[in-house]
Amino acid sequence: MLISKTLRCKVFNPTKRKLQSLTPEYLNFQIYVRSGRDFGIYSLTKATFDFKYKRKARKKKQPMPLHNQSTKFRITNNKLTPYWFRIPVKGKRGGIWLPIKPHENIDFTWEIREAKLFKREKDFWIYITIRKEVSLKTSYSSVLALDIGEKVIAAAVLSSVRKPIFLGREVRGIRRHHAWLRKRLQERGLFKKLKEMRGKEKRRVELVLHEVSKYIVELAEENNSVIVLGDLKGIRKGSKGKRFNRIINSFPFNKLSFFIEYKAHLKGIAVVKVKEDYTSKTCSRCGEKGKRIKQGLFKCPHCGYQANADFNGAMNILKRSLSYMLSDGAVAFSPEPPMTEMTRAEAH
Ligand SMILES: [Zn+2]
């Protein structure tokens with residue numbers, strides 16, 4: 001399976017001469033986007049734009065696409081930065097080499113794909129897409145089920161242990177704190193400060209999501225587990241409830257599942273998504289319909305089972321994925337999740 005990511009690189013202290021080649025190329029490209037007139041753009045850049053982006057692009061500032069056949073990447077022992085990237089410029093044979101600073105170290109086992117050139121205020125940035133082929137393990141010895149929720153970011157349960165692990169509780173606190181802060185800043189009319197804080201909240205939440213996803217993947221690696229998570233996206237339109245809307249609107253659900261999937265795939269661990277509808281309302285002990293009552297507690301009127309609602313959700317997701325497990329506890333992975341008794345019953 002191919003996985004890809006984007007390296008965000010700042011063009012680092014380019015010389016005046018290089019800027020004198022780079023700036024007109026970028027500006028000519030912007031004129032071309034707006035008016036279709038070509039005052040000098042490298043041919044493959046223009047062709048890439050015409051082929052891939054022109055139809056969708058509105059007549060405003062666009063990143064300049066750089067085809068991977070026209071770029072080159074090099075590591076040097078330069079003191080400024082070891083990373084250099086060659087980009088094509090009209091009329092300049094061999095293009096120009098630019099010193100770049102990526103946000104993370106570059107690993108050469110990845111293949112370089114398309115890059116995009118941006119200008120933000122005075123600085124140029126190059127976003128480079130890189131990709132790598134990974135193969136996923138096909139057999140596992142346990143299942144790690146995850147319920148992604150609002151109270152705790154993720155409730156995890158291992159098929160071999162069956163005790164709840166709650167992760168990312170602090171996100172709720174961060175969000176509450178920032179909601180309070182926003183209100184106060186708004187009251188005082190401190191709008192510039194307000195804007196700054198928005199980025200800060202996002203970064204703080206993202207940091208937790210990175211830690212949580214890293215922990216989950218390590219847990220799966222240690223226990224040789226396949227990861228199973230509830231798929232909110234798979235829920236039919238008609239069945240979107242209050243809880244669903246709340247999670248989707250207020251919570252970076254997609255981001256967390258993306259981080260988990262990405263980090264798992266890097267280690268060759270498969271991630272399976274099962275339909276999440278009803279997992280929060282179904283009793284994980286008897287399968288009857290129960291209720292999420294106060295303070296994140298789940299209660300089943302049928303059998304009297306009481307548990308943390310997120311744990312109950314994770315147990316339901318685990319139950320749904322147990323048909324992966326063979327009698328000896330081994331798990332065979334197939335890309336299509338099998339129908340379990342529970343999903344069959346709910347299909348009616
Ligand atoms: Zn029950």
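First listed ligand is number 1; within each ligand, the first listed atom is number 1. Residues take their numbers from the sequence shown, with the count starting at 1.
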Original post:
Are F118 and Y127 an aromatic pair by the rule of ring centers under 6.0 Å?
Top reply: yes
Original post:
Counting N and O atoms only, with roles assigned by atom type, does the side chain of Q30 sit under 3.5 Å from a partner on the main chain of Q62, one being a donor and the other an acceptor?
Top reply: yes
Subject >> Contacts of the Zn ion (ligand 1) with protein N/O/S atoms, counting only those under 2.8 Å >> reply: C283 SG, C286 SG, C300 SG, C303 SG
Original post:
Is there a donor in the side chain of S284 and an acceptor in the side chain of N312, or the other way round, less than 3.5 Å apart?
Top reply: yes
Original post:
Testing E218, K255, K263 for side-chain hydrogen bond (donor to acceptor under 3.5 Å, both in side chains) with S213, which one passes?
Top reply: K263
Original post:
Under the side-chain hydrogen bond (donor to acceptor under 3.5 Å, both in side chains) test, which residues partner R93, sequence neighbours left out?
Top reply: none
Original post:
Taking the inter-plane angle between the rings of F259 and H210 on a 0 to 90° scale, is it parallel (under 30°), tilted (30 to 60°) or perpendicular (over 60°)?
Top reply: parallel
